[in-house]
Amino acid sequence: ESADAQKTAFLLRKAWTLYSVTPLYGFRRARLRDYARLLSAFIAAERQRGLAVEVGVELDIKVALSSLADLRGSQLDQAALLVQLSSRSRASSRNSEDKLVWSGWFCSVFGDDLSENVPEHFTCLPLFLTHGAESYTSLVGSWFQKTFDCCFRRLAISPLNLSWMVAMWAGCKLDRPASAVELVFSVPRLSQPLDISYAIHPEDAQALWDTVQKTPGEITQEEVDVFMDCLYAHFHRHFKIHLSAAKLVKVSTAVAAAHCDGIVKIEHSQYLPGVLMLLTELAISQIQ
Amino acid sequence: HIATSLPLPSERDHLRPRIDLIVFMIDIKSKYSLKNVETSLAHVDASFFLGKVCFLVTGVGRVNACSIDTNAVCKLGETYCSPVLFCELELEGVRAATAQRLVRMLQISAGHIPGVSALSFVSLMRKSNDD
């Protein structure tokens, strides 16, 4: 079990930017080394053309592609694909270490809705997560788009989906002390933008969710509504502000945090499959 | 006449003309607007639900800012036997088209169109597989 934890440790406690990706055409697992070489050449060529990523620094970008066999929901899912860009300064000595400058990974966790309807030669990995400079993201994205005829789109998360996330994750029991549950709202139509941050003690949030949820393991829209309404009512009682009229932009729990611009941070490996399953679902609904 | 919630203040009851159509506006970005509409519905006389009520859901152009479950709104329409219209007020074309639809519905509800009564809205809402 600790070997699994080591493999997935890289994705914890980092802010990942989310994208939805349409199925890849003609992708072959056996050719990962070739793809790495081609992507590396593409990046070098683009930088030659003057699309300099870092001005004034001589860097060689090395590309590594690997499969993460365990990062999937079921055997029906494709194994996750990890892309890593590392740099080694040309000026430094030969035994200097490579520095990881950008990582991105494609995954599918219980993405059957998409993969069962897809014709041959297509590989479904609808969720793409990136960490690192936007310029590298667009280089990698362009290469994948050209090579596999796929399409990337930023994955935005609506307030409705954020409220699902906070309800689900606030109710998760963790084996170590949890941090506060925080909701951030942005108030529209004011002359100066106003952000309201509402922090709840994790035990209170869990206790509330326990009284709301009827069947463990199942969550309904009604239960999420009741949970959120309780939080809104409590806030209104104290501050006379209707949070339900504001826009929920960010939620943060001990399990994970999510922002409406499509940025997610997973704190805990314990609920990783659940979080990825939800994100995969969001990516698929954006594609369809 | 525009009101932020119901019931309307009783002081002006005697000055108020007959009400032919009530349009409940729900902003898809505001859960509060849905709650407000739900509580206001309780103050509407039952006779209005025979074609003189409709729900207008605004802001549907921005799917990513959605704070309301649209299934809940459709269910509301079914519960109160009233049509649910979706629109995006920020788009001029849609705004104009929606206004025209509402005026048309108002003409029918006010009895200005001979041969068509407000009760037809209720029968138009029945889904074809119900028959």
Side-chain angles (χ1 to χ4, degrees), chain A residues 18-20 153-167 183-190 196 198 219-233 235-236 239-251 258-263 282-283 285-288, chain B residues 2-9 22-44 55-80 82 84-92 94-95 98:
Chain A
L18 306 176
Y19 296 81
S20 66
R153 261 179 70 196
R154 272 296 287 267
L155 184 65
I157 308 178
S158 68
L160 189 62
N161 288 319
L162 285 176
S163 57
W164 265 84
M165 289 175 184
V166 72
L183 296 93
V184 180
F185 295 83
S186 128
V187 183
R189 289 190 293 268
L190 292 180
I196 300 176
Y198 182 12
I219 303 180
T220 65
Q221 180 66 55
E222 284 83 25
E223 287 167 352
V224 174
D225 287 342
V226 170
F227 180 79
M228 294 304 290
D229 285 344
C230 287
L231 297 182
Y232 292 150
F235 196 86
H236 182 253
F239 301 104
K240 298 287 175 267
I241 294 177
H242 288 287
L243 285 178
S244 51
K247 182 184 176 195
L248 181 57
V249 295
K250 182 176 174 196
V251 300
H259 187 281
C260 61
D261 287 343
I263 299 171
L282 288 184
S285 60
Q286 184 166 280
I287 294 171
Q288 287 174 336
Chain B
I2 297 180
T4 52
S5 69
L6 294 179
L8 296 172
I22 305 178
V23 180
F24 286 101
M25 296 183 65
I26 300 169
D27 182 359
I28 212 169
K29 303 190 291 296
S30 166
K31 189 89 187 286
Y32 175 71
S33 68
L34 179 60
K35 282 267 171 291
N36 194 12
V37 163
E38 282 170 350
T39 42
S40 297
L41 279 165
H43 296 283
V44 177
F55 297 99
L56 182 66
V57 182
T58 65
V60 299
R62 292 182 201 280
V63 167
N64 294 328
C66 178
S67 291
I68 297 178
D69 178 27
T70 41
N71 286 335
V73 181
C74 293
K75 249 206 237 152
L76 196 66
E78 277 169 29
T79 311
Y80 287 94
S82 301
V84 181
L85 302 180
F86 292 88
C87 75
E88 174 53 79
L89 294 178
E90 289 186 29
L91 295 173
E92 208 188 301
V94 179
R95 201 165 60 222
T98 307

Next on the checklist: Counting heavy-atom pairs closer than 4.5 Å to chain B, which one of D229(A), L243(A), I157(A) comes out on top?
Outcome noted: D229(A)

Item to check | Heavy-atom contact with chain A under 4.5 Å, split by part of S33(B) | outcome: neither

Next on the checklist: Between R154(A) and N64(B), does the side chain to side chain contact (heavy atoms under 4.5 Å, CB included) criterion hold? Intermediate values first, please.
Outcome noted: CA-CA 11 Å; R154(A) 272 296 287 267; N64(B) 294 328; over 6 Å; no

Checklist entry - Who passes salt bridge (Lys or Arg N to Asp or Glu O under 4.0 Å) against K250(A), sequence neighbours left out? => result none

Item to check | Region of L34(B) that comes under 4.5 Å of a non-hydrogen atom in chain A | outcome: neither

Checklist entry - From S163(A) OG over to I68(B) CD1, what is the distance, rounded to the nearest 0.5 angstrom? => result 11.0 Å

Next on the checklist: Whether the N161(A) and S158(A) side chains hold a donor-acceptor pair (N or O, under 3.5 Å, no angle test) is what I'd like checked.
Outcome noted: yes

Checklist entry - S67(B), A72(B), C66(B): which one forms the most heavy-atom pairs within less than 4.5 Å of chain A? => result C66(B)

Item to check | Option in L248(A), D225(A), L162(A) with maximal non-hydrogen atom pairs under 4.5 Å from chain B | outcome: D225(A)

Item to check | Residues F24(B), V44(B); criterion side chain to side chain contact (heavy atoms under 4.5 Å, CB included); working and verdict | outcome: CA-CA 11 Å; F24(B) 286 101; V44(B) 177; 3.7 Å; yes

